[in-house]
Each structure stands twice: as C-alpha cells, then as structure tokens.
Amino acid sequence: MCSIAGFYDPSANFLARQSEFEHILNQMSQVQAHRGPDDSGHVLCAQCGLSHTRLSIIDLQNGRQPMTRSQNDYLYHIVYNGEIYNLKKLRQALFEQDVIPRTSSDTEVILLSYLTFGPEFVKQLDGIFAFAIYDEQHKILTLYRDSFGIKPLFYTIQNGTIIFSSEIKGLFCFPNVHAKLDKNGFNELFGLGPARTPGNGVLHNIHELKPGTCMTCTSLGYTATTYYQLSSRPHQDSYEDTIEKTNFLITDAIKRQMISDVPICTFLSGGVDSSLVSAVCAQELQKENQQLTTYSFDFTDNEKYFQANTFQPSMDRPFVDKMVAFLHSDHHYLVCDNRVQADKLTESVDAHDLPCMADVDSSLLYFCGEVSKNHKVVLTGECADEVFGGYPWFHKETFLTCDTFPWTPDLSPRKKLLNKELLLEINMDEYVKHAYETAIQEIPILPGENETEISRRRIGYLNIRFFMQTLLNRMDRTSMHSGLEARVPFADRALVDYVFNIPWEMKAKDGVVKNVLRQAARTLLPDEILFRKKSPYPKTYHPYYEQLLTARLKEKLAQPDCPLLPLLDLPAVTQFLESPKDYGAPWYGQLMAGPQMIAYLLQVEYFLRKYKVEIII
C-alpha cells in the first residue's frame, strides 16, 4: 500500500521551473511517507507531475513507482495505491493480446491494461485502489478510485491546475492551497460529522473523488464518470441457494484478499465477522503448515468498569479466548491505556487531516501502530454489519421511519452545544435534510416493493454509501498512518452486489440478525460464536478517561485564543461537561456517546488550530 500525489495543468510548463516543482513533489511524498515508508519517487513532465511513496507488499524488488511504459514511442506514467485481487485473470487477458509484463507487479498490469483495453478497463479490476495515469501524447490525466472508496483520493482545482493526493495534507504542499471552512464545511463538521457527504472534503474547494468514479482531465476540462454503482434487482435464488452462494462469495473474497508476498494477520474480536475472516485465513494457512497470527483489542480496567447497554451488550475477551482455542492462532492481546487513547486524539486528526471518530479512532490508531511492528498486512471483519444489516436501525421501526440518517436520528445533542448565531447562519437542519434526500434519490426501487421494503433498501444503501465509508476512512487512515495495509473482505464488490438484493425475510430469517451470514458460516465457526449477539468495536468505560477529557477541554476553552470559542455556546458546554454522561445514548452510530462528544470537540479545536483554518462564512 502506498500514497500518491501530483498536479496537472494542460497550459503549464512545469519543466521551465523544474527544481521548484520537483521540490513540491518531494514534499508531497514526505508528508505522506507514513503510508509508504519503504520507497519513494517522482516524475515531472511539462504539464504533469506525479509522486509516490511505497509500502512493499507485492513484487518487492520490481514494483517501484512512478512506473513508466511506452507505446508507439509515447510515454505513459502511473502512480498507484492499492491491491488488485484478480491479478492472475488480468495478466492472462494481457497474454491473450500478446502483451507480456516485465514484472509481477500489479502496478504494471494496471498500466498495461489501460494501454491495451482503454480507460474502461477499470471495470474489470477487483481490488482496492486509487491511481493516476498520465498520457504524455494526448496530455490527459485520468484519476481512478475503487468501487467503495476503500482507498482515498482528494483533489482541488486552483487557477486551472488540478492537485491530487491520497491525503489532504499532500494538497497543502502546493502553493496557495490553504485550509478554509465555509457554511457547507461547518455543516459537514457539526451536522454530519464524523461522516461526510460522498465527494466532500469538508474544507472549501477540497473534494474527494467519489467511490466507483474516474475523472478525466484534459485541455477541455474535467469530467467525472461513474463506472460502478449499486443496482437493485429481483433476487431469484431460494433460501438454501442463497446461503450456499453467500458462503462461496465470502470465503472466496477472503482467500483472494490473502494475496501477499509478506505474512498476513487478522483482527479478532470474538464476533462473527472477524472470527469468520480469521477462520478462513487459518484454514488456508494450515494447508501450507503456517500458523495465523491474530490480534484483539481492549482497554485498561475495562473488566472493572464495563457497562453493558443496548448497543454494547458484552465484553469481547471471553469470546476471543474461545476463538483463539478454536483457531490455534498465535494470538496477541493488546490493551490501550486511557491516557494514550486521549493523547492520540490529535494524532488521529493528523492521520485524517480532519476531525474523525474521536477515541474510537485514536484507540485503533494505537492498536494498528502496535500491529505494524510485526506485520504489514491485516484482514478485518469491517463492513459486515453494513452489508448484512447488523445495526439496530435495520430492525427498529423508529429508525425505519425517521426520514434522516438513522445513525444520527436527532441533531439536538450537537446543536445545543453550538453558538446560536452560528446555527442560524449555517441552517444545519436544512443541510442535513438536503444531504439525506439527495442520497435516497440515488436508490433504485423495485416494482412491487412495499414501504417497509423500500425503507430497508434505503437504509442498506445509505449504510454502504455513508456509514461504511466513514468506517473505511477510519480503517485506512489508522492503519496506513503506521504503514499497515488493512483489507476488508466484506466490502468485496461481488459479495456486496449479491447481498444488497437479498430480501429482508432471508437476511433476518426467524428474527435472527444477519441470519444469512451466520448460516453461511455454520461449518466454519462454533455456535457460541456464530450466534453471539452483536457487540461493536470496544470502547473504554473508565471514569478517569472522561475526567481527563473534561479537564483538557476546559483548559482549551480557558485560553482566549481558543478557536472553539466563537463556535460554541459556552454555558451549554459547561453544563454538559458537569453533567453525568450517558454511555448508551450515542449521538453518532453506536459508540459515540457523551465522552466521545468531548473528544470530538477536542479534535475540532486541534484541527482548526493546526491547519490554521480560515473561516469564510
């Protein structure tokens, strides 16, 4: 896994100031070196510059980038971040055209496929990726992003120059690109955050290439084209055939994503999702007399302070122990200290260049850093709940009929802490309503579906396009910040395409949450794991953590130059800080309750201060 960055202007001549623009490319690489600590490189042409940092996973010796190949004496360059899982099939397609790659690198296969089959070859790619290809002959830059946005790609356009980067920080290396926040940005930050509208980079004039999209840049302008989107179709398979096909799609996705020239590991929480991924990986490795390494996460003294609630009914440790014994894995129990979790809130912002999922993010950042000391590739159970309908909002009538994003059904916990004049200025309710209504208009409804089925299809779509994207962002930034490549088999395109159209009476047959997934895993997991009630990513319940956050936010607010002061209703915030926190009433998703609101405000404060964000309301 890697980072990419660059710039393009069809009317420029960057070579006339070669040293200046090569320095910019080097800076773009340096600020993203954590994503690819093994190597870096750049190429500068008259109208385009490309930079790259590399984390070596496939073809360790011959995969250097930028990679250049020629056709008819013209040069074509690529920078690529990702992993392609159907490499053998793509390579065979090239052989059939008498095109022989020089290396075993997936980067070369992508570039040669572009040259052989044209820009729409991307539809044949099975994997996670963001890449840029520059055609020197026609002076065309094309940017691509994978179907579900597992790999990031941000861009901005400044005076006719397009600047792009895996992370926002890379954009700031280009002259006159600065952090600004307008009304829309405030609504993204406080109304939708830590989620984002697809394509929105929060900061003014900063965008993210949407998942399943390619953007072609020429002297005539910039054109974005959707090459993949979820589609609604009638489900024709019987229940038994559905279980069998789901089993195949899941196990096939996991096996394909095990491809690596370095050892892999898995995250193991003792829940059905991560346990299933780990079980398949363990079986495959055992065929080669290898042992799977697994990691689980917890927090200091959680066995003492854990509070069971609707969203988090049980601790993970007993179930992890059962799975370790079942898998015979080389297991590592990782524990995060409360102070470390609080300290890494700012580093999480560094990783995202934006406020994120507060301590849900900072703790994973810590855990990934520990895992990266021994591994470069990890497979996770992320995304199964979005795909198979594991969240409460799939099952409760109040969520089905709330006419807004079900993970944020009530904006009042956010609004009551904000300055009333700011709220009047940004019109948060209208912004969120518009974002929701725009999103549900994208969902194709099947003839004959009743209102409940339509609501569930909407929620399924919103989960994949909004909520899942937030978790994928979290997984990418927290892992890549330490040079760890995280793979998510449940976000496999073939699997998601199929499961999206399985009717609810099959998905949750007999009232069993994620029934199809559980039945598909019957031969792979013990029943006590298979039918464990869902419990999400763990969080700390230690009272010291909340006390620590409260003290830190009070300290920030006491500073006269604190950038939060004009944005908050200080009496309301003071009252909130002094009130007991409800750990079971989240304001975002399942995990972000009272303490996480404090942590999020601390992240916003750091974000505004570090990036010297200019307010342009």
Side-chain angles (χ1 to χ4, degrees), residues 34 152 154 167-169 172 179-181 185-196 200-203 206 336 338-369 407-408 413-415 417-419 422 469-471 473-478 480-481 537 539-540 545-559 561-568 570 573 576-577 581 586-589 591-615:
H34 50 274
F154 293 91
E167 296 180 1
I168 292 174
K169 59 176 62 70
F172 294 144
K180 300 177 182 179
L181 203 60
F186 271 109
N187 278 310
E188 292 287 326
L189 207 58
F190 290 116
L192 296 176
R196 289 188 278 115
N200 194 303
V202 178
L203 292 165
I206 289 180
C336 184
N338 298 134
R339 184 172 287 276
V340 169
Q341 187 178 14
D343 289 346
K344 286 195 172 289
L345 287 170
T346 54
E347 193 175 341
S348 295
V349 176
D350 295 338
H352 286 260
D353 302 312
L354 293 169
C356 47
M357 293 187 74
D359 49 51
V360 182
D361 202 284
S362 66
S363 58
L364 187 57
L365 188 79
Y366 167 75
F367 292 132
C368 286
W407 47 86
T408 313
R414 301 157 176 261
K415 292 168 61 178
L417 300 182
L418 296 178
N419 181 291
L422 175 65
Q469 186 65 63
T470 306
L471 298 184
N473 290 341
R474 166 177 167 256
M475 193 72 259
D476 175 81
R477 305 313 188 279
T478 55
M480 292 304 297
H481 193 69
Y537 177 85
K539 67 178 180 181
T540 184
Y545 179 67
E546 182 184 327
Q547 295 164 11
L548 184 62
L549 295 180
T550 299
R552 290 186 178 184
L553 185 55
K554 285 182 175 179
E555 181 182 349
K556 296 294 183 185
L557 294 174
Q559 299 170 2
D561 60 346
C562 174
L564 286 177
L565 291 177
L567 310 179
L568 301 180
L570 289 182
V573 172
F576 170 69
L577 293 177
K581 305 299 180 298
W587 54 273
Y588 180 80
L591 296 174
M592 299 185 72
Q596 287 68 46
M597 177 68 84
I598 306 172
Y600 189 69
L601 290 176
L602 283 167
Q603 287 193 323
V604 173
E605 189 277 337
Y606 176 74
F607 163 70
L608 295 172
R609 181 164 44 83
K610 177 188 174 178
Y611 292 91
K612 300 176 182 177
V613 179
E614 178 186 352
I615 309 301

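Below, all heavy atoms of this structure are taken into account, side chains as well, without hydrogens, waters or symmetry copies.
- Considering CE of M597 and CG of L602, their distance stands at 12.5 Å, rounded to 0.5 Å.
- Residue Y545 is tested with N338, T550, D359 for a side-chain hydrogen bond (donor to acceptor under 3.5 Å, both in side chains); the sole match is D359.
- Side-chain N/O atoms of H481 and E347 include a donor and acceptor closer than 3.5 Å.
- Considering only heavy atoms from C-beta on, M357 stays 4.5 Å or farther from L364 through its side chain.
- In this structure N419 satisfies the side chain to side chain donor-acceptor pair (under 3.5 Å) test with no other residue, sequence neighbours excluded.
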From CA spacing to verdict: side chain to side chain contact (heavy atoms under 4.5 Å, CB included), L192, N187 = CA-CA 7 Å; L192 296 176; N187 278 310; over 6 Å; no

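- Proximity of H352 to P194: side-chain heavy atoms (C-beta onward) are nowhere separated by under 4.5 Å.
- Remark: R609 engages E605 in a salt bridge (charged side-chain N to carboxylate O under 4.0 Å, His left out) (not counting sequence neighbours).
- The NZ atom of K554 sits 9.5 Å away from the CD1 atom of I598 when rounded to the nearest 0.5 Å.
- Residues passing the salt bridge (charged side-chain N to carboxylate O under 4.0 Å, His left out) test with E188: none are found, sequence neighbours excluded.
- Listed by chain and residue number, W587 satisfy the ring-ring contact (aromatic ring centres under 6.0 Å, His included) test with Y600 (two or more places apart in sequence, or in another chain).
- You'll find the side chain of P152 reaches within 4.5 Å of the side chain of R477, heavy atoms only.
- Taken to the nearest 0.5 Å, the CG atom of L471 stands 12.5 Å off from the CG atom of D476.
- With sequence neighbours left out, K180 forms a salt bridge (charged side-chain N to carboxylate O under 4.0 Å, His left out) with no residue at all.
- With sequence neighbours excluded, the residues that form a salt bridge (charged side-chain N to carboxylate O under 4.0 Å, His left out) with K415 are D429.
- By the 4.5 Å heavy-atom criterion applied to side chains, L203 and F607 are counted as neighbours.
- In this structure, the side chains of L417 and F190 stay at 4.5 Å or more apart for every pair of heavy atoms.
- In this structure the side chain of L568 reaches within 4.5 angstrom of the side chain of L418, judged on heavy atoms.
- The structure places CG of D350 at 10.0 Å from CD of E167, a figure rounded to the nearest 0.5 Å.
- Here the side chains of Y588 and Q596 are not in contact, with every heavy-atom distance at 4.5 Å or above.
- Here CD1 of I615 is found 9.0 Å from CG of L422. Values are rounded to the nearest 0.5 Å.
- Distance alone, capped at 3.5 Å, is enough to place a donor-acceptor pair between the Q603 side chain and the C356 backbone.
- The line from CG of L548 to CG of L553 is 11.5 Å long, rounded to the nearest 0.5 Å.
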Dump the intermediate steps for side chain to side chain contact (heavy atoms under 4.5 Å, CB included) on L564 and K556, then the final yes or no.
-> CA-CA 9 Å; L564 286 177; K556 296 294 183 185; 5.6 Å; no

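- Between L345 and S348, the closest side-chain pair of non-hydrogen atoms is not below 4.5 Å.
- In Q559, the CD atom is crowded: over 12 heavy atoms of neighbouring residues, nucleotides or ligands sit closer than 6.0 Å.
- Salt bridge annotation for D353-K610: absent, with no cationic side-chain nitrogen under 4.0 angstrom from a carboxylate oxygen.
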